[in-house]
Amino acid sequence: MEYSFRNIEKKWQQNWKDNLVYKVENNTSLPKYYVLDMFPYPSGAGLHVGHPLGYIASDIYSRYKRLKGFNVLHPMGYDAFGLPAEQYAIDHGIHPAISTEENINNFRKQLDNIGFCYDWNREVRTSDSSYYKWTQWIFLQLFNAWFDRKKNKAVPISEVVKIFETHGNNNGEVHCPDSVVTFSANEWKLFTEKERMEILMQYRLVYCGYGEVNWCEKLGTVLANDEVINGLSERGSHPVIKKKLRQWYLRITDYADRLLSGLEQVDFSESMKEMQSNWIGKSSGAEINFAVQTTNPAYQKTPLVVYTTRPDTIFGVDFMVVAPEHELLLQIVTDSQKKSVEDYITLVKSRSDRERMAEKKITGVFSGASAIHPFNGKQIPIWISEYVLIGYGTGAIMAVPCGDQRDFLFAKHFAIPITNIFGTQFNNEEANQAKNVLLENSDFINGMTTQIASDLVIEKLAEKKMGNRKVNYKIHDAAFSRQRYWGEPFPIVWKNGTAVALSEDQLPVQLPNMKEILPGLDGEGPLSNLNEWKNFDRGVREVNTMPGYAGSSWYFLRYMDPKNEKEFCNRQISDYWGQVDLYIGGTEHAVGHLLYSRMWTKCLFDLGFIGFDEPYKKLVNQGKIGGDSRIVYRIHGTNQFVSEGLKEKYETDELHVDVNMVNGKELDLKKFKSWKPEFKNASFLLEDGKYLCESRLEKMSKRYFNVVNPDEVVEKYGADTFRMYEMFLGPVEQDKPWDTKGIEGVHRFLKKLWRLFYEDQKGKRWTIEKATEPELKVLHKTIKKVEENTERFSFNTGVSALMICVNELTELKCYKKEILEPLLVLLSPYAPHITEELFHELGNTTTILKTSFPIWDEKYCTEAVKTYPIAINGKTRTEITIPLEADQQQVENIVLQNEKVMKWLDGNQPKKIIYIKNKMINLVV
RNA sequence: GCCCCGGUGGUGGAAUUGGUAGACACGCAGGACUUAAAAUCCUGUGACCCGCAACGGUCGUAACGGUUCAACUCCGUUCCGGGGCACCA
């Protein structure tokens, strides 16, 4: 009886489906465990072998946890809204709903092939109205909420209205956004409804504002950053300009501190936390007001406000730099400098953000105006330069050339004299950015270090009302609208210029069908073309749609209660499932998805809808599987190809060839010739009778012909082999190349396992004989190892432990059910099909999925004796087997009598004998 | 430039807390079975030195240095690769 994986796998997949073995209940007495994969965007390209890596890891862990007695939630769904489907519709005239459906079906088929234990009854699709109804509902909760800085949490917007009614907004009760005027309670009462709504808009967690977007006039659409290349559209190379459009924003900045401190409570990798905290970019320093001296008397009283993280260097300020967009600029510029300033602004405006950022050249213009030093009254020239960005801090800096390298280079370039505040610690060749340097030439802070001096400077500035301590964040509010079709419509109707929220019973706002997706006028999205849909309830619907991250910010909650028509997720159910215990996905979502999702969770927590404020307890980032490309060399201008080793002798062009035509490095010439018509008559220069290709690791991509489709691997070796091989490649978190050749080893392992039960010729081999001590030892050591390795996500060593076990049982000729049955259970998370088959062959009638993980017995895992390495001065010289319970004295006696040891000691007495029980013995001579 | 992660045989990788470096697997070489092939099994396989061989020795985890009885593991410096952030004040 042979291991015929194709029949076995098909049979059990059908059986599991028919018997609903993966159905998960919400109410059991079992402890819960929630394992989640980052759900995929169903692209048209389908899966390659890199995609399922994380899914396999989470699948193994889920199955393992089930065997360990947990009620495991392990769902899957689709992040189904997105740009590619919409673009595909524009290019091919196929509606996104149709292409998305097709892609999902294809994904599903590919996933099913691999034998995952998802509960498909809980599948969610963000583009289903039964799902996005609740995305819209959450939007409304955010719309009707305000972040109370005193409580450091979101509260209903009605609370801020109460405060306005009794105190206005200017008594310290309410944080007042920069764009809102201050008013008293009386003034609030006198405002019109429209005015009140406009003010409230500035306080909401999602709010409307204006923002710049990449606008392509020719395409009539807004483009994402990665659709713009060097200021031109990726499609068609049309010019792209900045355009101000009304946008919705998510007030994520209010959560900056909690998003930062929350990182301390979650089990993410250090680099992941690092990326997130860099993105949040918290820095502390001071805002300092510099009086401006200019010929225009109207602005002499308006201070120039700068942000600095180094207030201690205030006596080293030699010039000021403001961003070209700074609004004070045109007001303070002197007549003589007006022309050159305007020219510079025009130059900067014509440049894309990317160009500005990539610029290494130092440019800038003097404004003609000066600022006054707050302590010594010195006149400081005000410059403009593109290296200061309007979006960060106050859009203006105080430049300290001896303490900041960019300021230093600027000063050198424009020959601005440099004040030295570090004495001999400054060499006039580069800025000294160290923070432990003692200050000199700095008035009242001479001899102090950064921290002390900064505090003192801030204190003095505050006394003079010329500055204050300030914490700054790099993170800015996230744009939450897209001028697109294929996304969630907003539950908003504009009436008389005011955004009015729809009520809950008006949800969902269905995404209307469109025959042809065309952009609207003036950068409005395609929905603006639908007059009938647009005009609603004596107003006009919001025609923007929500961005891709809307649906993915809360999907983990919907899986808990996917069919609920009354709530986004029942509170009792979310209390039961709680946080995602294990989240597996790629690093590419480090700052986008994860931050938004964490924020939404915090909002829902603040508003009392869920009981936890961090969504993901533990995050594991699976590595990428790289493609192992094969490259051939064609002699330039000919149709002759040279083998890799000979390529230096000719002038050649390199071409990628399909990896499926290459065995190891040897090119299959026949396949190659029939690959493309142009190669039909190709000739080859061989080495040792073979044509060898060069191998190169790069991204797995169609363009490099290095894509390996899991369907093909599963067809050839079976799902169990595929699953185990993906794990055997190396640690899940590590990037690694795909090389199909090694898969044979894993496949042989499964065949070897099979042969413990059945011989190819003679048939049944397994027996119900009593197991011997050595056999039990093999089993129990394996249970221990597999358990430990699975617990710490070291699946590659888990596979290896199972291989060792099968090798040893083969050696022992052990075919006993007593040993083999628990082994099957151990293996079942990794290879569910073959183990289910053999489990039934052993006479079981229930599924192996519902058994329990075997428990290892210490007595079989500890040996009575240990073969110790005996090292002399740290170098292993021999091995001696010594009983484990031997004490120091006994060990010394045994060791010193050893022939080898005596030889090495050469008559000397060892200075010291180090004996570490169960580890090693070292003699110091 | 700053931050994070990594660098181990021909290859993927193992070594969980400082305690036998190279588990397991691929590949390769030799052999068995077979008319032959596939499949399977056995043996060897980090480099170098001595030797018929057993055995023995030296070196070896990117490089150099340090701590330690003992370092892939800890510390310092440098090099290389990958990722993130970026004229961020």
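Chain identifiers are assigned alphabetically (A, B, ...) following the order of the sequence lines, protein sequences preceding nucleic acid strands; residue numbering begins at 1 within each chain. Heavy-atom basis, side chains included; hydrogens, waters and symmetry copies ignored.
- Going from the P atom of B:G19 to that of B:G13 covers 22 Å, rounded to whole Å.
- Side-chain nitrogen and oxygen atoms of A:K751 include at least one within less than 4.0 Å of the OP1 or OP2 phosphate oxygen of B:U40.
- Rounded to whole Å, the separation between the C1' atoms of B:G22 and B:C59 comes to 15 Å.
- Put simply, A:R755 has no side-chain N or O that comes within less than 4.0 Å of OP1 or OP2 on B:A39.
- Counting non-hydrogen atoms under 4.0 angstrom, A:N922 reaches a base of the nucleic acid.
- A:T587 and A:N621 share no side-chain donor-acceptor pair at under 3.5 Å.
- The side chain of A:E274 sits closest to B:C4 out of B:C26, B:G57, B:C4.
- Across the C1' atoms, B:G10 and B:C49 are found 22 Å apart, a figure rounded to whole Å.
- We find that CG of A:N621 is positioned 15 Å from P of B:G83, with the value rounded to whole Å.
- A centroid separation of 6.0 Å or more is found between the aromatic rings of A:H476 and A:Y392.
- Within the 4.0 angstrom heavy-atom criterion, no nucleotide atom of any strand lies near A:K273.
- The separation of B:C52 from B:U61, taken at their P atoms, amounts to 31 Å, rounded to a whole angstrom.
- Taking only side-chain atoms of A:F728, from C-beta outward, the nucleotide of B:A70, B:C24, B:A89 with the closest atom is B:C24.
- Checking B:U20, B:G19, B:G12 against every side-chain atom of A:I914, the shortest atom distance belongs to B:G19.
- Using the six-membered ring where Trp is involved, A:H589 and A:H593 have ring planes that are perpendicular, over 60° apart on the 30 and 60° scheme.
- Remark: A:R792 is not in phosphate contact with B:U17, judged by side-chain N or O atoms under 4.0 Å from OP1 or OP2.
- When the nucleotides B:C24, B:G84, B:C69 are ranked by their closest atom to the side chain of A:N278, B:G84 comes out on top.
- Straight-line distance between the C1' atoms of B:U34 and B:U45: roughly 27 Å, to the nearest whole Å.
- A:E2 places its CD atom 11 Å from the C1' atom of B:A38, with the value rounded to the nearest Å.
- Atom P of B:G46 sits at a distance of 16 Å from the matching atom of B:C26, rounded to the whole Å.
- A:K784 places no side-chain N or O within donor-acceptor distance of the main-chain N or O of A:W856, the cut-off being under 3.5 Å.
- Here B:A70 presents its P atom at 25 Å from NZ of A:K917, a figure rounded to the nearest Å.
- Atom C1' of nucleotide B:A71 and atom CE of A:M920 are separated by 12 Å, given to the nearest angstrom.
- One can place OH of A:Y473 at 17 Å from C1' of B:A89, the figure rounded to the nearest angstrom.
- Rounded to an integer number of Å, the gap from A:E588 CD to B:C4 P is 22 Å.
- OP1 or OP2 of B:C88 lies within a sub-4.0 Å distance of a side-chain N or O belonging to A:R406.
- Residue contacts shown for A:I916 include a base, since a base heavy atom lies under 4.0 Å away.
- Ring geometry for A:F795 versus A:Y830: interplanar angle over 60°, hence perpendicular rather than tilted (30 to 60°).
- Taking atom C1' in both B:A23 and B:C72, one finds a spacing of 15 Å when rounded to whole Å.
- Looking at heavy-atom distances under 4.0 Å, A:E744 makes no contact with the nucleic acid at all.
- Spacing between atom NZ of A:K282 and atom C1' of B:A89 amounts to 18 Å, rounded to whole angstrom units.
- When the side-chain nitrogen and oxygen atoms of A:Q734 are compared with OP1 and OP2 of B:G13, one or more of them lie within a distance under 4.0 Å.
- Within the 4.0 angstrom heavy-atom criterion, only backbone atoms of the sugar-phosphate kind lie near A:K736; the bases stay farther away.
- Remark: RNA chain B forms stems of 3 or more consecutive Watson-Crick or G-U wobble pairs, all pair distances under 3.5 Å, at B:1-7 with B:79-85, B:10-12 with B:24-26, B:27-32 with B:40-45, B:46-49 with B:56-59, B:62-66 with B:74-78.
- With its glycosidic angle more than 90° from 0, B:G57 is assigned anti.
- Distance check on atom P: B:C74 versus B:G6 gives 9 Å, rounded to whole Å.
- In terms of phosphate contacts, A:Y307 brings no side-chain nitrogen or oxygen within less than 4.0 Å of OP1 or OP2 of B:A89.
- A:N796 has no side-chain polar atom (N or O) that falls below the 4.0 Å cut-off from OP1 or OP2 of B:C24.
- Residue A:T867 is classed as a base contact, given a heavy-atom separation below 4.0 Å to a base.
- Contact detail for A:L304 and A:A396: the closest heavy-atom pair is CD1-CB, 4.0 Å.
- To the nearest angstrom, C1' of B:G27 lies 10 Å from CZ of A:R748.
- Looking only at side-chain heavy atoms (C-beta outward), A:H413 and A:T363 stay at 4.5 Å or farther from each other.
- Using a 4.0 Å heavy-atom criterion, one finds that A:N807 contacts the sugar-phosphate atoms exclusively.
- A:Y725 and A:Y717 have their aromatic ring centers separated by at least 6.0 angstrom.
- Using a 4.5 Å heavy-atom threshold, the side chains of A:I397 and A:Y387 count as touching.
- Within the 4.0 angstrom heavy-atom criterion, only backbone atoms of the sugar-phosphate kind lie near A:S271; the bases stay farther away.
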